[in-house]
Structure formats: C-alpha cells, structure tokens
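Throughout, protein chains are lettered first and strands after them, A, B, ... in sequence-line order, and every chain is numbered starting at 1.
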Amino acid sequence: MPELPEVETVRRGLTQLVVGHIIESVEVRWEKIVGLDTAAFNQQIAGRTIEKIDRRGKYLLFRLSGEKTLVSHLRMEGAYYTVPAGTQPGKHDLVTFHLDQAVDLFYRDTRKFGRMKLVANSDVMRVAGLATIGPEPTADTLSLEYMQKEFLHKTAIKPFLLDQSHIAGLGNIYVDETLWQAKIHPLQPANSLNIEQLETLRMCIIQELARATDHHGTTVHSFTTAFGHAGEFQNELQVYGRVGQPCYRCGATLVKIKVAQRGTTFCPVCQILH
DNA sequence: CGAGCCCCCTGGGTGC
DNA sequence: TGCACCCAGGGGGCTC
C-alpha cells in the first residue's frame with residue numbers, strides 16, 4: 001500500500017523513465033479510474049509532453065505541456081511501469097499511455113481503487129483531497145508550533161494521523177511504526193499529548209519517512225518501484241506485520257486491535273494508554 | 001464539526 | 001479440488 005515513501009520512490013523512477021516523452025495516445029480499460037472513456041480522455045491528453053513529475057503527500061502530479069496536470073492517486077495497489085511499445089496489456093493493466101520513442105507506460109491496479117484526473121494547473125489544489133491536505137512531513141514544513149495548534153482534537157491519535165488534512169503522507173504502516181517509536185498508544189487522544197511527546201512524535205515521523213524513502217519504500221503485497229523492483233524497508237519494520245512476536249524494545253508480545261476499522265499492531269507494555 | 005459507517009475491488013487465506 | 005465465505009484497506013461521501 002503506497003504511502004509517502006513508496007509514492008516518492010515511484011515519482012523518482014518515473015522521472016527517469018518518462019519525463020520528456022510525448023503522450024501520443026491513451027487507452028482506458030476501466031473507466032472509473034479516469035472517470036472518462038478512452039475517447040474523452042484521449043482528446044484531453046494526446047499530444048502533451050510530460051515535463052516534470054511532482055508529489056504532494058500521496059498524490060503524483062504529472063506536469064504536462066499546456067498548463068495541465070494529471071493528478072494520480074495509487075490508493076492500495078496502483079503502479080506504473082514502462083514496457084516496449086506494442087506490449088500486450090495484462091488483466092490488471094487498466095490504462096495505457098502510448099508515448100513517443102516506442103515506449104508504453106502501463107498503469108496497473110489489481111483492486112481498481114486508484115484514481116487519476118487531468119486538470120488545469122490552476123485547479124490542482126482544488127482537487128478533492130489536495131484542497132485540504134496538511135503539511136509535508138519534513139523538518140522544514142512540519143513545525144512543532146503547527147502541531148501544537150493542530151493537535152487540539154480529542155480524536156484518537158491513530159485515525160488523527162491517518163487523516164491527510166493534519167499531516168500529509170502517513171498510512172497504516174508508518175502510523176503504527178512511528179507510534180511505537182514514540183511510545184504512544186494508538187487510542188491516545190491527540191489533544192492529550194504534551195509538548196515533549198509532540199516533539200518526539202514529530203521527529204519520529206520525519207525521520208521514519210525519510211529513512212523509508214532511502215530504502216525505496218516498503219513492499220507488502222504488491223508494491224514495486226517503477227523499475228519493477230521491490231522496496232527494502234519491510235525488513236526495517238518494528239511492529240507492522242509482527243503481531244504475536246516480541247517487541248524489539250521490551251520483549252513483550254505485540255498485539256493487534258482494530259482502531260477506526262484499521263488493523264493496528266502495538267506493544268501493550270511500551271505503549272500505555274494514559 | 002466529529003464519529004461512524006458504507007463503498008469501491010480482488011487475491012489470498014481459511015474452513016469444510 | 002472446489003466452493004463459500006471473510007478480510008485487507010485509502011479516502012470520498014454520506015448520515016446523524
């Protein structure tokens with residue numbers, strides 16, 4: 001499931017593979033992904049050059065010629081990869097971008113949850129999700145002062161961190177990881193954290209996402225980079241996927257509960273609810 | 001405004 | 001071997 005480190009890894013791969021190419025035509029094999037059929041999407045996008053690829057939170061932003069942006073969210077299993085022109089698409093290859101220089105860019109999405117939308121550059125920040133997105137989790141953009149003002153809700157910290165309007169980029173895996181690192185219980189109300197805990201959490205989030213990005217993201221289920229490689233960060237995970245195994249810090253058995261409909265693994269000894 | 005729930009989907013796992 | 005079920009989950013949208 002792509003979170004910020006995985007999306008950033010995809011962005012870097014795509015930058016090498018498709019920037020500078022012209023989109024000659026497209027084929028849409030599952031209309032809900034794009035919200036348009038092949039003819040309508042083709043009419044909007046054909047002839048544009050891919051000038052640059054940006055990222056905001058978990059959104060990929062393909063900057064195209066003519067002041068347009070293709071906003072793409074991979075959701076659970078969306079993936080991009082390039083193949084030689086003429087390659088037959090597989091069952092789960094839902095969109096084909098026929099590029100110049102005999103390259104096809106495939107969008108594959110087993111569960112069909114991903115979405116993409118072409119908008120004018122001036123409308124990008126009006127796209128649902130981007131309109132309300134919180135700051136990027138870096139030292140420059142996520143300040144302690146912001147967190148003190150933002151974390152005033154009594155909502156449990158886990159769903160609070162999953163809400164992209166507070167901080168951009170965290171998903172289920174990295175929320176469980178950073179809460180374990182900061183020794184905070186996933187049900188702890190966001191407004192109950194003191195300033196020391198907020199600063200600890202802030203640094204854990206910033207460092208964990210940077211470290212995961214350095215490792216090309218986490219591969220669970222199906223994530224691969226645009227080059228078809230798996231990430232390596234799954235080997236670094238401390239709690240996610242380790243229910244029933246010993247806590248690396250205290251040795252207690254990690255437990256799994258449901259928090260806001262999400263599977264949540266934590267240490268019942270290190271992460272005490274206050 | 002917030003909490004809770006539904007929905008979108010399919011592959012993989014489990015039980016019989 | 002096969003069938004019926006259940007589960008995972010990001011985020012938009014809905015109701016209360």
Side-chain angles (χ1 to χ4, degrees), chain A residues 1-11 28-36 55-61 71-80 89-95 107-117 119 123-134 136-137 149-179 186-192 205 209 212 217-224 230 234 237 239-244 255-266:
Chain A
M1 55 217 70
E3 305 179 29
L4 188 154
E6 293 75 37
V7 178
E8 176 60 19
T9 300
V10 170
R11 188 196 70 77
V28 177
R29 283 176 293 277
W30 192 266
E31 289 187 13
K32 275 195 170 181
I33 300 290
V34 182
L36 299 169
R55 178 192 56 74
R56 182 72 173 86
K58 305 178 196 173
Y59 293 83
L60 285 169
L61 307 174
V71 178
S72 172
H73 198 299
L74 305 172
R75 295 286 180 94
M76 303 300 297
E77 299 197 347
Y80 287 99
K91 182 181 175 186
H92 301 300
D93 294 317
L94 305 180
V95 182
Y107 175 75
R108 179 184 62 211
D109 193 340
T110 308
R111 293 190 205 174
K112 302 185 169 89
F113 278 8
R115 294 292 180 265
M116 59 183 81
K117 186 177 188 184
V119 298
D123 289 335
V124 168
M125 294 316 290
R126 280 195 267 271
V127 170
L130 286 172
T132 54
I133 197 164
E136 291 288 308
K149 279 186 285 185
E150 188 72 8
F151 285 50
L152 294 177
H153 307 259
K154 65 177 188 204
T155 310
I157 189 67
K158 171 147 184 179
F160 188 84
L161 291 174
L162 288 173
D163 184 335
Q164 303 296 297
S165 72
H166 303 305
I167 298 174
L170 291 161
N172 207 40
I173 295 174
Y174 298 116
V175 167
D176 280 9
E177 293 297 312
T178 52
L179 289 178
L187 289 174
Q188 193 71 37
N191 65 358
S192 71
I205 290 169
L209 294 184
T218 297
T219 296
V220 285
H221 308 139
S222 60
F223 171 75
T224 59
Q234 60 279 8
L237 299 179
V239 283
Y240 184 87
R242 295 195 63 246
V243 60
V255 298
K256 188 169 182 179
I257 60 171
K258 281 267 188 192
V259 178
Q261 284 84 245
R262 299 281 185 270
T264 301
T265 308
F266 70 104

**OP:** Could you tell me whether the phosphate oxygens of C:dG9, OP1 or OP2, come under 4.0 Å of any side-chain nitrogen or oxygen in A:Tyr240?
**Re:** yes

Original post:
Over how many whole Å does the gap from A:Met76 atom CE to C:dG12 atom P extend?
Top reply: 14 Å

Original post:
Does A:Leu61 reach the side chain of A:Arg55, with side-chain heavy atoms less than 4.5 Å apart?
Top reply: no

Subject >> Length of the line joining A:Lys256:NZ and C:dG9:P, which is rounded to integer Å >> reply: 6 Å

Original post:
With sugar-phosphate meaning primed atoms plus P, OP1 and OP2, does A:Gly171 contact a base, only sugar-phosphate, or nothing at under 4.0 Å between heavy atoms?
Top reply: nothing

Original post:
With a 4.5 Å heavy-atom cut-off, do A:Glu77 and A:Phe113 have their side chains touching?
Top reply: no

Subject >> A:Phe160 CZ to B:dA3 C1', straight-line distance once rounded to whole Å >> reply: 15 Å

Original post:
Rounded to whole angstrom units, what separation is found between the OH atom of A:Tyr174 and the P atom of C:dG10?
Top reply: 12 Å

**OP:** Indicate yes or no: does A:Arg56 engage A:Glu136 in a salt bridge with an N to O separation below 4.0 Å.
**Re:** yes

**OP:** Could you pull out the closest heavy-atom pair between A:Tyr107 and A:His73, with the gap in Å?
**Re:** OH-O, 4.2 Å

Original post:
Taking atom P of C:dG10 as reference, at what distance in whole Å does atom CG of A:Leu170 sit?
Top reply: 11 Å

Subject >> Value in whole Å for how far the C1' atom of C:dG10 lies from NE2 of A:His166 >> reply: 15 Å

**OP:** Determine whether the side chains of A:Tyr80 and A:Ser72 contain a donor N or O and an acceptor N or O closer than 3.5 Å.
**Re:** yes

**OP:** Would you indicate, yes or no, if C:dG10 has its OP1 or OP2 atom less than 4.0 angstrom from a side-chain nitrogen or oxygen of A:Gln164?
**Re:** no

Original post:
When the distance from CG of A:Leu74 to P of C:dG9 is rounded to whole Å, what number comes out?
Top reply: 17 Å

Original post:
What does nucleotides 7-15 of chain B look like as a protein-contact string, B for base, S for sugar-phosphate only, - for none, at under 4.0 angstrom between heavy atoms?
Top reply: -BBBS----

**OP:** Can you figure out which of C:dG11, B:dG2, C:dG9 approaches the side chain of A:His73 most closely?
**Re:** C:dG11

**OP:** Please examine the side chains of A:Leu179 and A:Lys158, heavy atoms only from C-beta on, and report whether any two atoms are closer than 4.5 Å.
**Re:** yes

Original post:
Only one of A:Asp163, A:Asp176, A:Leu161 clears side chain to side chain contact (heavy atoms under 4.5 Å, CB included) with A:Leu170; which?
Top reply: A:Leu161

**OP:** Before giving the answer on side-chain contact (heavy atoms from CB on, under 4.5 Å), spell out for A:Ile157 and A:Phe151 the whole-Å C-alpha distance, their side-chain angles and the decisive distance to 0.1 Å.
**Re:** CA-CA 9 Å; A:Ile157 189 67; A:Phe151 285 50; 3.7 Å; yes

Original post:
Taking everything shown except A:Lys112 itself, do over 12 heavy atoms lie less than 6.0 Å from its NZ?
Top reply: yes

**OP:** Could you give me the CA-CA distance, side-chain angles and deciding distance for A:Leu130 and A:Val124, then say whether side-chain contact (heavy atoms from CB on, under 4.5 Å) is met?
**Re:** CA-CA 7 Å; A:Leu130 286 172; A:Val124 168; 3.8 Å; yes

**OP:** Indicate the atoms forming the closest heavy-atom contact of A:Pro186 with A:Pro159, along with that distance.
**Re:** O-CD, 4.5 Å

Original post:
Between A:His166 and A:Phe160, what is the ring plane arrangement, given parallel below 30°, perpendicular above 60°, and tilted in between?
Top reply: parallel

Original post:
Separation of A:Leu162 atom CG from B:dC5 atom P, in whole Å?
Top reply: 17 Å

**OP:** For DNA chain C, find the residues of residues 258-266 of chain A with a heavy-atom distance under 4.0 Å and give them by number; none if there aren't any.
**Re:** A:Lys258, A:Arg262, A:Gly263

**OP:** Please check the phosphate of B:dC1 (OP1 and OP2 only) for any side-chain N or O of A:His153 closer than 4.0 Å.
**Re:** no

Original post:
For the helix from B:dG2-C:dC16 to B:dC16-C:dG2, what is the angle between the axes at its two ends, each from 5 pairs, rounded to 10°?
Top reply: 50°

